[in-house]
Each structure stands twice: as structure tokens, then as C-alpha cells.
Amino acid sequence: AERSNDLYDVARRVLKFLGQIKYPAASERAQGCIIVANDLGPSETAQLSRDQISGFCTNSGGPTSHTAIMAKALGLPAVVGLDYITHYVRNNDTMIIDGTEGKVILHPTPEEIQQYRDRAKEISRDRELLERYRDLAAETLDGAGICLEANIEFAEEIPKVLEQGAEGIGLFRTEYFFIERSSLPTEDEQEEAYSSVVNAMGDKPVVFRTLDVGGDKLAISIPIPPEHNPFLGLRALRLCLAYPEIFRRQLRPLFRAGHGRELRILLPMISSIDEIRKAKVIIEEARVQVKRNEQKSPSKLLIGAMIEIPSAALQADVLAREVDFFSIGTNDLIQYTLAVDRVNKMVGHLYQETHPAVLKLIRKVVVAAEEANIPLSVCGEMAGDPYLSLILVGLGVRTLSMSPQLLLPVKRAIRGADAAKLRELADRLLTLSSPMEVREVLARELPTAYRGSLEVKLPTL
């Protein structure tokens, strides 16, 4: 059942090629059109053109599903989890999507259209004001410096990354290079893609997350067997360890692309120290092979662990002795800590970033990194929320990585905050016993401009 959306994604693409589904060609789409669908697979979302499409809404999905994350990366407003939106909408209908409020208005009145046009102008003016922060340091009022980096999926996003003043790429999601294909990419193709990223970023750091497929990200070129619960199954590093040649096939191009540079490799879905040790053996084998055959090698190799499983967070002090850096993936860490499917809107209200258990795990990882003297960043969706980013700063996080278009809003929030006061606030939050108590304290203490981030907004039609 969990695989049904992946199968529908593949089936739609097959039928499209066979001519039984007539998707409008790019030239036939009206400028500023809205895509309405039951769901959009990662491959379909990746093909959306920001210049031609205003946004999309779907029956399925949640605010931290990968299609929603992709939409954010593309700068497209989206409302997901609407259940039956496809039953109500017809081609050429007029509609408004409000991604901020999770609202869809079908057949809006002239007054509603004017209201949202006015809101669009306000948003545009606010974006112009944000431009003032581009060349300013991400520094709190009391002088604490915060490093802001970008999460990307495609090399084509780098101009936006540089334009927004990112200090590096904290997460390059390599899996989309695999998802887009019916066969595994060649090593030459991968080397070209990875090289284009490091060359475009110059001397700024780039973190490459190794292949992270499984769960709701299907790569039809990789033989993942059917699973009852794929989110708890063979995915990410587990899959790479089960198919080590696929892992090597990605590592070798990474080593060639990183020749003469510092190469940072991030291992996803770590649950134990044994997985890190096994991965490091394969990484070293690939490095030696490339150096021996092609005389290519990075000037420095850094291996990081993505902390997104509670067992990894609880053993962060042990893992810190095996890796060079940590990156906290809050999306899955919250999902696995609270046993809440982040794509299932029926339990969406239980997916709470400010749950005391989540905050305590993040703090535990921060302390472990500090004691081991290794860098730590947060690359989950919490980092890109101006409100939640302040909580992370209070917990001791000093590097945040997010979608490029969120860099300036987060920088503005940081420059208006006091790190010492945020630390005091975080210490108080860690003593509370319920998410409701946390939200009540935050509503009183943090600037009103960012309070909306904590409200649970379900889609309305």
C-alpha cells in the first residue's frame, strides 16, 4: 500500500510515453497556470518550470513530504493533502492557492482576486526589503555569528544560492540524479554533475549526501524489493550497504570531482556505529581505487553522519568519535521520534517540531558535537523557518542549511535576536513537559512577526 504512489508515478509516465495521457506541452500551457493532481512524484515535480507555473495543489502529501520540499526549492507555492481537489477542478477554472495559509479558493470572486493581488504586492515589497540583508552578516544582536548554507537538488540552483548570499551548500541531495532515470547514471555523467557544483561554488564548502532513496523516493533503476513499511526498510545508507557496488558507483565520481579539493561526504540514515564503520571501509576502497587508477584524490576528505534516527541522537557522543561532522535532519528525526508519518495528514497535527522530546534530542546532539569538537549543522525544514531557526540557535546550533529562497528571511530573524536570551529561552523550553506548554512560552517570548510558524494550519477548500 505504501508503494502505491510510486507505482502511480511510474504508470503515469509510461502511459504518457504511450500517448494515452495527453499532458499539455510546455508551449500549450497558459502562463501562470496551476497544476492540480492527485499527487506529484519527485520526478514530475522536478520537471516543473518556475517561469511558466504559478504553483500546484494535490490530493495527497504533507508539508514535509519530498514533493513539498521540492516545490519550496523551486520557489513554487503549493497546497498538499487536499483529499479531493481533483474532483472539483476542471481545466481552465480560475483558482487561487495560498501556500502560506494552506488555502485553495476555487472560482474566486472579483473582490477575492483583488484581495490576493494586494497581498501579492505586499509580499513583493517584503521581498524587496529582504534584499537589504543579502550582504549583511548573519549575526545576532550580541555578536553570535551563524553560518547560513543552502540545500539543493540540482546544479541549476547554484546561481540562486550565490545570489542569496549562502556561505556554502550544506546539503546536496544526490538522489534526484538517480530518480530521474530508468537506468543507473554512468560514472562520467555523475562526475560531470558533481564537478559542475564544486566548480560553481569555488572555495565555498559543498556537502554531498550519498544516495538516499527508499521511503517515498523511488528510483526505478535500483532493485528495492517490496516492503510492508518502506520508511522503516531498506533505504538510504542501508541500501548502499546492501548494494555496495551501487555505492562505489557513486563514490568514485565524487572522488574524481573532488580532486585537489576538500570533499565532504554525508551518510544518511545512520542508526549505529557499525554502519559508519562499514561505510568507511567501502569509501576507502573507492578512494584507493580512483587514486591508483587515475591519480585523482581530494586534498582532504571529511565524512559526516546525518542524525535523523533517535538511536543516532542518543548515541551521538559515540558516533562523534567516528566522523568529522554532524548534520541533523529534523524532518525524519521528528517523524521517527514521535512515530508520526510526516506525509499522512490524518496525524499531521502530531508532527510537532517543538515537542520537548525533539528539542532534548537536538540539544543532546549539539552537546556531543561540542565535546568532540566537530562541526554541526541542521539541514531539515526547521532550519529554514525564521521562527524555528531561532529556537535552534538557542539550543546551540551555529550552522543552518535551507532552501535558497529562505536564507534572507532567516537572516533577518537572526539579526533581530539576542543569542544569550535565546539560550535562556531554550533552557526553559527543555524543562517543559508538553508541546502545548512550549508553544505558549514561545508565543509570549519570541517576536510576533514569526509566531505564525507554530500554528498548525490544515488545508481548507
Side-chain angles (χ1 to χ4, degrees), residues 31-35 45 48-57 63-64 68-80 95-105 108 112-141 146-154 156-171 379 381-390 392-393 400-417 446-455 457:
Q31 199 71 21
C33 67
I34 295 170
I35 302 296
T45 312
L48 297 179
S49 169
R50 180 64 181 90
D51 296 332
Q52 198 169 36
I53 295 171
S54 294
F56 68 84
C57 50
T64 57
I69 293 171
M70 285 288 291
K72 189 178 294 185
L74 293 168
L76 291 170
V79 180
V80 298
M95 63 189 302
I96 292 171
I97 54 172
D98 182 346
T100 303
E101 296 292 335
K103 183 184 297 184
V104 173
I105 302 174
E112 287 172 322
I113 291 174
Q114 187 58 50
Q115 174 190 348
Y116 274 89
R117 282 178 175 160
D118 293 340
R119 283 191 60 187
K121 290 178 182 177
E122 291 176 9
I123 292 172
S124 180
R125 284 193 294 269
D126 186 61
R127 286 175 179 166
E128 291 175 2
L129 292 174
L130 282 173
E131 294 298 317
R132 301 176 183 179
Y133 292 87
R134 179 180 299 171
D135 298 322
L136 299 177
E139 187 176 87
T140 61
L141 295 173
I146 310 298
C147 178
L148 299 184
E149 299 179 333
N151 300 339
I152 66 170
E153 288 81 21
F154 311 105
E156 292 77 13
E157 296 177 71
I158 291 179
K160 185 70 172 177
V161 169
L162 298 174
E163 177 187 316
Q164 297 299 305
E167 297 179 53
I169 294 177
L171 177 65
C379 62
E381 293 300 287
M382 279 184 74
D385 185 307
Y387 198 102
L388 301 176
S389 67
L390 298 181
L392 293 173
V393 170
L400 303 170
S401 192
M402 65 207 71
S403 296
Q405 71 274 11
L406 299 175
L407 287 161
L408 296 183
V410 169
K411 184 183 289 188
R412 177 170 61 182
I414 288 170
R415 287 184 61 84
L446 286 186
T448 57
Y450 307 122
R451 287 183 187 173
S453 305
L454 286 183
E455 297 173 12
K457 294 172 182 171

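Remark: Leu141 engages no residue in a side-chain contact (heavy atoms from CB on, under 4.5 Å) (not counting sequence neighbours). By the side chain to side chain donor-acceptor pair (under 3.5 Å) test, Arg117 pairs with no residue at all, sequence neighbours left out. Scanning for side chain to side chain donor-acceptor pair (under 3.5 Å) contacts around Ser389 gives an empty result, with sequence neighbours left out. Residues satisfying the side-chain contact (heavy atoms from CB on, under 4.5 Å) test with Leu162, not counting sequence neighbours, are Ile158, Met201, Lys204. With sequence neighbours left out, the side chain to side chain donor-acceptor pair (under 3.5 Å) criterion links Glu131 to Arg134. By the side chain to side chain donor-acceptor pair (under 3.5 Å) test, Asp135 is found to be paired with no residue, residues two or more places apart in sequence or in another chain being considered. The side-chain contact (heavy atoms from CB on, under 4.5 Å) search around Pro159 returns none, not counting sequence neighbours. When the salt bridge (Lys or Arg N to Asp or Glu O under 4.0 Å) test is applied to Arg119, the partners found at least two apart in sequence or on another chain are Asp98. With sequence neighbours excluded, no residue forms a salt bridge (Lys or Arg N to Asp or Glu O under 4.0 Å) with Glu112. For Leu406, the side-chain contact (heavy atoms from CB on, under 4.5 Å) test picks out Lys72, Met402, Ser403, with sequence neighbours left out.
Residue Lys103 comes nearest to Tyr116 through the heavy atom pair CD-OH, 3.7 Å, listed as atom of the first residue, atom of the second, then distance. Smallest separation of non-hydrogen atoms from Thr140 and Ala417: CB-O, 3.3 Å.
Applying the side chain to side chain contact (heavy atoms under 4.5 Å, CB included) test between Pro409 and each of Ile414, Leu130, Asp385 identifies Leu130 as the sole match. Across Ile146, Leu390, Leu148, a single residue satisfies side chain to side chain contact (heavy atoms under 4.5 Å, CB included) together with Val410, and that is Leu148.
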Exercise for the section: Show your working on side chain to side chain contact (heavy atoms under 4.5 Å, CB included) between Leu408 and Gln164 and close with a plain yes or no. Expected result: CA-CA 7 Å; Leu408 296 183; Gln164 297 299 305; 3.1 Å; yes

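Between Lys411 atom NZ and Leu400 atom CG the span is 12.5 Å, to the nearest 0.5 Å.
Inter-residue side-chain proximity for Cys33 and Ile53 is flagged as met; some heavy-atom pair is nearer than 4.5 Å. Considering only heavy atoms from C-beta on, Gln114 comes within 4.5 Å of Asp118 through its side chain. Within the 4.5 Å cutoff, the side chain of Ile105 has no heavy atoms near those of the Gln115 side chain.
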